[in-house]
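For reference, the structure discussed in these notes is given below.
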Amino acid sequence: MTQDIERILLTRDEIEAKVSEVGRRITGDFRDKDPIFVGVLKGCFIFMADLMRHVDIKCSMDFMAVSSYSGTSSTGAVKINKDLSQDIEGRHVIIVEDILDSGVTLSYLKRYLMGRKPASINIVTLLDKPARRKADVFADYSCFEVPDAFVVGYGLDYNEHYRNLPYIGVLKPEVYS
Ligand code: IMP
Ligand code: MG
């Protein structure tokens, strides 16, 4: 698996330090607000598991699974494969995403959840790739800004592989070309 990685962008230690810092910031910002963390599957699963262990407040968690409609991504159409199981009306929602790339997914998701009248919606993302932004969406909490390269590991995949790498690496272009 590691032979497919061109270089390590973020080490396990760098990720751990930053994720705990962001968890402490969220702890301070949402004290007494009983927020609901909404993880966007599958990419969020390792990040969210680590982040939540640094969030020291009363809160709940739920998950959604989404995918882009193939061929229509430019319209911003996103398919909901799994919806929330809890009511978010009046709740402080914190969306947990692996990477904010074009922003199409998150801007759709934010609008979709806004329709359910939450008290607020914040976005926390592990990675932010601002060079590729198409939609007008930003992260309230971002752990790392990354260059315009395809990255895998720590939950992020290429064709469902590499999610289990304990670091974030740049995939060798020959793997996907
Ligand atoms: P967006 O809608 O373009 O912002 O894309 C969001 C989704 O695309 C992310 O949740 C990822 O699943 C996927 N994605 C975008 N860039 C990368 C990458 O560099 N590596 C792995 N997945 C990516
Ligand atoms: Mg994703």
Side-chain angles (χ1 to χ4, degrees), residues 1-12 14-16 18-19 22 26 36-52 61-84 93-115 121-177:
M1 194 164 58
T2 49
Q3 72 274 11
D4 294 344
I5 303 301
E6 188 173 84
R7 66 194 162 99
I8 294 178
L9 202 60
L10 299 163
T11 67
R12 203 176 182 144
E14 286 170 323
I15 298 169
E16 162 61 23
K18 193 56 156 185
V19 169
V22 170
I26 292 173
I36 175 164
F37 290 83
V38 173
V40 185
L41 295 170
K42 294 173 232 174
C44 77
F45 84 110
I46 293 180
F47 172 45
M48 188 158 165
D50 283 349
L51 178 73
M52 296 317 297
M61 282 160 247
D62 206 341
F63 295 92
M64 290 184 78
V66 301
S67 57
S68 300
Y69 275 110
S70 48
T72 57
S73 54
S74 57
T75 65
V78 172
K79 182 167 173 249
I80 308 286
N81 297 319
K82 183 216 171 294
D83 210 325
L84 295 175
V93 172
I94 303 173
I95 300 174
V96 183
E97 177 65 295
D98 54 355
I99 184 167
L100 183 49
D101 187 25
S102 71
V104 168
T105 309
L106 274 179
S107 73
Y108 177 87
L109 207 54
K110 202 173 171 179
R111 253 182 296 124
Y112 179 78
L113 294 179
M114 206 62 99
I121 298 187
N122 277 261
I123 292 172
V124 49
T125 188
L126 173 68
L127 306 177
D128 189 0
K129 229 191 243 182
R132 306 221 329 148
R133 199 64 34 82
K134 278 191 280 183
D136 185 24
V137 61
F138 66 94
D140 302 280
Y141 303 89
S142 165
C143 297
F144 301 99
E145 218 172 84
V146 292
D148 186 10
F150 199 84
V151 296
V152 293
Y154 197 71
L156 288 104
D157 73 307
Y158 170 66
N159 273 352
E160 297 300 331
H161 289 102
Y162 311 105
R163 292 192 198 274
N164 54 323
L165 288 173
Y167 52 82
I168 305 271
V170 176
L171 199 59
K172 281 184 183 165
E174 58 258 40
V175 176
Y176 52 86
S177 56

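Indexing begins at 1, ligand by ligand and atom by atom, following the structure's order. Worth knowing before you read on, the calculation uses all heavy atoms, side chains too, and leaves out hydrogens, waters and symmetry mates. When a residue number appears, it is its place in the shown sequence, counting from 1.
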Check whether any heavy atom of Ile99 sits under 4.0 Å from an atom of ligand 1.
yes
Only heavy atoms of Val151, strictly under 4.0 Å: list the atoms of ligand 1 that pass.
18 (C), 19 (O), 20 (N), 21 (C)
Can you name the atoms of ligand 1, numbered from 1 with element, that are less than 4.0 Å from a heavy atom of Ser102?
1 (P), 2 (O), 3 (O), 4 (O)
Closer than 4.0 Å to some heavy atom of Ala149 - which atoms of ligand 1 meet that?
19 (O)
Below 4.5 Å, heavy atoms only, C-beta onward: do Asn122 and Ile26 meet side chain to side chain?
no
Where's the contact between Asp157 and ligand 1, heavy-atom distance under 4.0 Å: side chain, backbone, both or neither?
backbone
Mind checking whether Gly103 has a heavy atom under 4.0 Å from ligand 1?
yes
Examine the proximity of ligand 1 to Lys134 and report which part, side chain or backbone, both or neither, has a heavy atom under 4.0 Å away.
neither
Taking only heavy atoms of Asp98, which atoms of ligand 1 are found under 4.0 Å from at least one of them?
9 (C), 10 (O), 11 (C), 12 (O)
Could you establish whether Ala135 and ligand 1 come within less than 4.0 Å of each other, counting only heavy atoms on the residue side?
no
With a 3.5 Å cut-off and sequence neighbours excluded, list the donor-acceptor pairs that the side chains of residues 142-149 form with protein atoms.
none

Would you say Leu109 and Ile80 make side-chain contact, with heavy atoms under 4.5 Å?
yes
Hey, does Arg132 sit under 4.0 Å from ligand 1 if you only count heavy atoms?
no
Val66 and Val40 have their tightest heavy-atom pair at CG2-CG1, 3.8 Å
Heavy-atom contacts with Thr105 under 4.0 Å: which atoms of ligand 1 show up? List them by number with element.
1 (P), 2 (O), 5 (O), 6 (C)
Side chains of Ile36 and Leu84: does their closest heavy-atom pair fall under 4.5 Å?
no
Quick test of your reading of the model: are Arg133 and Asp128 salt-bridged, counting only N-O distances below 4.0 Å?
yes
Could you pull out the closest heavy-atom pair between Phe45 and Gly155, with the gap in Å?
CE2-CA, 3.9 Å
Mind running side chain to side chain donor-acceptor pair (under 3.5 Å) on Tyr154 and Asp50 for me, showing each step along the way?
CA-CA 10 Å; Tyr154 197 71; Asp50 283 349; 2.6 Å; yes
Test item, Leu127 contacting ligand 1 (heavy atom, 4.0 angstrom)
no
Decide yes or no for Val175 and Tyr162: does some side-chain heavy atom of the first lie under 4.5 Å from some side-chain heavy atom of the second?
yes
Does Leu156 reach ligand 1, in the sense of a heavy atom lying below 4.0 Å from it?
yes
Which ligand 1 atoms, with their elements, are less than 4.0 angstrom from a heavy-atom of Glu97?
10 (O)
